[in-house]
Amino acid sequence: MTNGVHTETWAAREMKELFEKYIGMDWMDNISDQSKWNKVYAIPDQELWDTHLVLKERMIKFVQNNLCARMERNFQPIELIRECAGYLSRDVLTIGFARRFATYKRANLLLRDKERLSRLLNNPERPVQIIFAGKAHPADRPGQEIIKQIYDLSKEEEFRGKIVLVENYDINVSRHLLQGVDVWLNTPRRPMEASGTSGQKAAVSGGINCSILDGWWPEAYNGENGFAIGTEIEYDTEETQDREDGNSLFDLLEQIIVPIIIGG
Ligand SMILES: *Cc1c(COP(=O)(O)O)cnc(C)c1O
């Protein structure tokens with residue numbers, strides 16, 4: 001058994017209203033009752049999707065404000081600040097990654113193949129955008145290096161407005177991202193992750209998990225409630241493991257997730 005999260009704290013207000021309407025006003029009192037939760041299947045697809053889009057729009061505004069405030073503080077050119085107010089689109093499939101940037105969490109797994117990443121994000125028919133947020137421990141140089149790597153990439157022409165790094169990661173940032181992104185990404189190097197509770201927080205607002213089978217995910221994943229990256233085999237070296245998991249994640253995104261989940 002891994003750690004759990006407090007559903008009432010993390011579910012978005014609009015989602016809780018849906019639970020009240022379709023499960024019942026007492027949904028919180030029966031939080032472990034599977035038969036109660038089965039009532040969520042009565043939520044009409046359109047109503048669920050519309051609710052998700054409200055949360056997604058709120059999250060995008062929040063991220064734009066965060067990015068623009070940083071640019072203003074850093075005296076960036078006014079054209080760039082204006083451009084930043086238009087970063088991210090509601091109609092684009094949005095992946096979120098917000099965690100401590102401990103190296104084992106591998107925030108940079110997708111950055112291992114920059115060309116493939118660019119093709120994924122700049123796909124003209126089905127583009128993708130990724131929102132990163134997180135802090136590294138002050139003594140964790142490699143973790144800080146990953147933040148810098150993502151920040152530098154976010155400024156490059158082909159990634160501008162498609163990869164963004166939100167600063168001042170805290171519970172408020174985490175809450176907005178968890179409630180608003182389409183896909184929640186979790187890429188720890190097995191078997192290092194104790195739980196990875198943020199995936200549970202995303203799930204209670206309807207977020208779709210795409211995760212390595214580590215921490216809480218092997219307990220929760222049933223083959224149809226999200227996506228599993230890689231396999232549970234053990235590798236001889238971390239380099240091989242990172243390469244295999246990275247390729248598996250790209251395959252999953254390109255062949256399954258991007259074709260079946262529409263952005264907006
Ligand atoms: C949930 C949460 C975490 C834990 O995230 P995991 O990487 O999933 O373990 C860390 N920081 C904040 C602010 C959180 O809300």
Side-chain angles (χ1 to χ4, degrees), residues 1-6 9-10 63 66 70 94-114 117 130-154 159 163-179 181 183-203 207-221 226-250 252-253:
M1 256 306 159
T2 51
N3 294 334
V5 300
H6 190 245
T9 301
W10 288 98
V63 171
N66 178 295
R70 178 175 64 204
T94 306
I95 299 173
F97 182 105
R99 300 161 187 284
R100 285 180 300 116
F101 276 65
T103 45
Y104 82 87
K105 290 186 184 261
R106 300 186 297 185
N108 55 353
L109 196 60
L110 284 171
L111 276 55
R112 292 176 58 87
D113 191 338
K114 208 170 132 183
L117 182 59
I130 311 181
I131 305 174
F132 288 97
K135 281 182 180 156
H137 189 276
D140 181 5
R141 288 269 165 216
Q144 288 165 15
E145 197 48 48
I146 295 176
I147 294 183
K148 182 169 186 311
Q149 201 188 350
I150 293 171
Y151 182 62
D152 289 345
L153 198 72
S154 74
F159 296 109
I163 288 182
V164 301
L165 178 66
V166 179
E167 67 172 3
N168 295 327
Y169 174 59
D170 61 9
I171 285 188
N172 191 38
V173 170
S174 144
R175 188 189 303 279
H176 276 89
L177 298 186
L178 284 159
Q179 296 180 349
V181 301
V183 174
W184 193 249
L185 184 63
N186 183 34
T187 53
R189 196 179 281 133
R190 288 185 65 248
M192 303 281 286
E193 188 55 85
S195 181
T197 50
S198 60
Q200 301 168 23
K201 301 171 191 169
I208 298 171
N209 277 284
C210 173
S211 172
I212 296 282
L213 284 162
D214 199 16
W216 77 293
W217 195 226
E219 285 182 48
Y221 176 65
F227 303 97
I229 306 162
T231 59
E232 292 182 280
I233 62 172
E234 278 172 37
Y235 294 96
D236 292 338
T237 66
E238 288 187 350
E239 175 54 29
T240 315
Q241 185 171 6
D242 293 355
R243 191 183 60 237
E244 291 300 316
D245 287 345
N247 286 336
S248 166
L249 175 54
F250 271 115
L252 190 58
L253 287 166

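- Residues meeting the side-chain contact (heavy atoms from CB on, under 4.5 Å) test with Asp236, sequence neighbours left out: none.
- Here Ile233 contributes atom CD1 and Glu244 contributes atom CD; the two are 7.0 Å apart, rounded to the nearest 0.5 Å.
- Closest heavy-atom contact between Ala228 and Leu252: O-CD2, 3.6 Å.
- The shortest non-hydrogen separation linking Leu109 to Gly246 is CG-CA, 3.8 Å.
- Arg100 meets the salt bridge (charged side-chain N to carboxylate O under 4.0 Å, His left out) test with no other residue; sequence neighbours excluded.
- Annotation: side chain of Thr187 is in contact with side chain of Phe97 (closest heavy-atom distance under 4.5 Å).
- Considering OH of Tyr235 and CG of Asp242, their distance stands at 10.0 Å, rounded to 0.5 Å.
- With sequence neighbours excluded, the residues that form a ring-ring contact (aromatic ring centres under 6.0 Å, His included) with Tyr221 are Trp217.
- The CD atom of Gln149 sits 5.0 Å away from atom CG of Asn108, with the distance rounded to the nearest 0.5 Å.
- To the nearest 0.5 Å, atoms CD1 (Ile95) and CG (Leu253) are separated by 4.5 Å.
- Remark: side-chain polar atoms of Asp214 are paired, donor with acceptor, to backbone N or O of Met192 under 3.5 angstrom.
- Ser198 pairs by the side chain to side chain donor-acceptor pair (under 3.5 Å) definition with Arg99, Trp184, not counting sequence neighbours.
- Take Lys105 and apply the salt bridge (charged side-chain N to carboxylate O under 4.0 Å, His left out) test, not counting sequence neighbours, and it matches Glu193.
- Scanning all heavy atoms of the two residues, the minimum distance from Phe159 to Leu153 falls at CB-O, 3.3 Å.
- Without hydrogens or angle criteria, Arg175 side chain to Thr9 main chain gives a donor-acceptor distance under 3.5 Å.
- Evaluation of the salt bridge (charged side-chain N to carboxylate O under 4.0 Å, His left out) rule for Asp113 yields no partner, not counting sequence neighbours.
- Applying the side chain to side chain donor-acceptor pair (under 3.5 Å) test to Glu234 and every residue at least two apart in sequence or in another chain returns nothing.
- Heavy atoms only, all atoms of each residue included: Gln144 and Pro138 are closest at NE2-O, 2.9 Å.
- Among residues two or more places apart in sequence or in another chain, the side-chain contact (heavy atoms from CB on, under 4.5 Å) test is passed with Glu238 by Arg189.
- Side chain of Gln200 to backbone of Asn3: a donor-acceptor contact under 3.5 angstrom is found.
- Residue Gly143 comes nearest to Thr103 through the heavy atom pair N-CG2, 3.8 Å, listed as atom of the first residue, atom of the second, then distance.
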**OP:** Could you go through the side-chain contact (heavy atoms from CB on, under 4.5 Å) check for Thr231 and Ser248 one step at a time?
**Re:** CA-CA 9 Å; Thr231 59; Ser248 166; over 6 Å; no
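- For Trp216, the side chain to side chain donor-acceptor pair (under 3.5 Å) criterion is met by no residue, not counting sequence neighbours.
- Looking only at distances, a side-chain donor or acceptor of Gln241 sits under 3.5 Å from a matching main-chain atom of Arg190.
- Here the closest heavy-atom approach between residue Ala107 and residue Ile150 is recorded as CB-CD1, 4.1 Å.
- Annotation: side chain of Ile229 is not in contact with side chain of Asn186 (no heavy-atom distance under 4.5 Å).
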**OP:** Applying side-chain contact (heavy atoms from CB on, under 4.5 Å), run through Leu185 and Ile130 and close with a yes or a no.
**Re:** CA-CA 10 Å; Leu185 184 63; Ile130 311 181; 5.7 Å; no
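- At least one side-chain heavy atom of Asp245 sits under 4.5 Å from a side-chain heavy atom of Arg106.
- By the side chain to side chain donor-acceptor pair (under 3.5 Å) test, His137 is found to be paired with no residue, residues two or more places apart in sequence or in another chain being considered.
- Glu145 is linked by a side-chain contact (heavy atoms from CB on, under 4.5 Å) to Lys148, counting only residues two or more places apart in sequence or in another chain.
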Identify every side-chain donor-acceptor pair in residues 164-173 under 3.5 Å, counting partners at least two apart or on other chains, and give the distances.
{"unit_1": "Glu167", "atom_1": "OE1", "unit_2": "Arg73", "atom_2": "NH2", "d": "3.4"}
{"unit_1": "Glu167", "atom_1": "OE2", "unit_2": "Arg73", "atom_2": "NH2", "d": "2.4"}
{"unit_1": "Tyr169", "atom_1": "OH", "unit_2": "Ala98", "atom_2": "O", "d": "3.4"}
{"unit_1": "Asp170", "atom_1": "OD1", "unit_2": "Asn172", "atom_2": "N", "d": "3.0"}
{"unit_1": "Asp170", "atom_1": "OD1", "unit_2": "Val173", "atom_2": "N", "d": "2.9"}

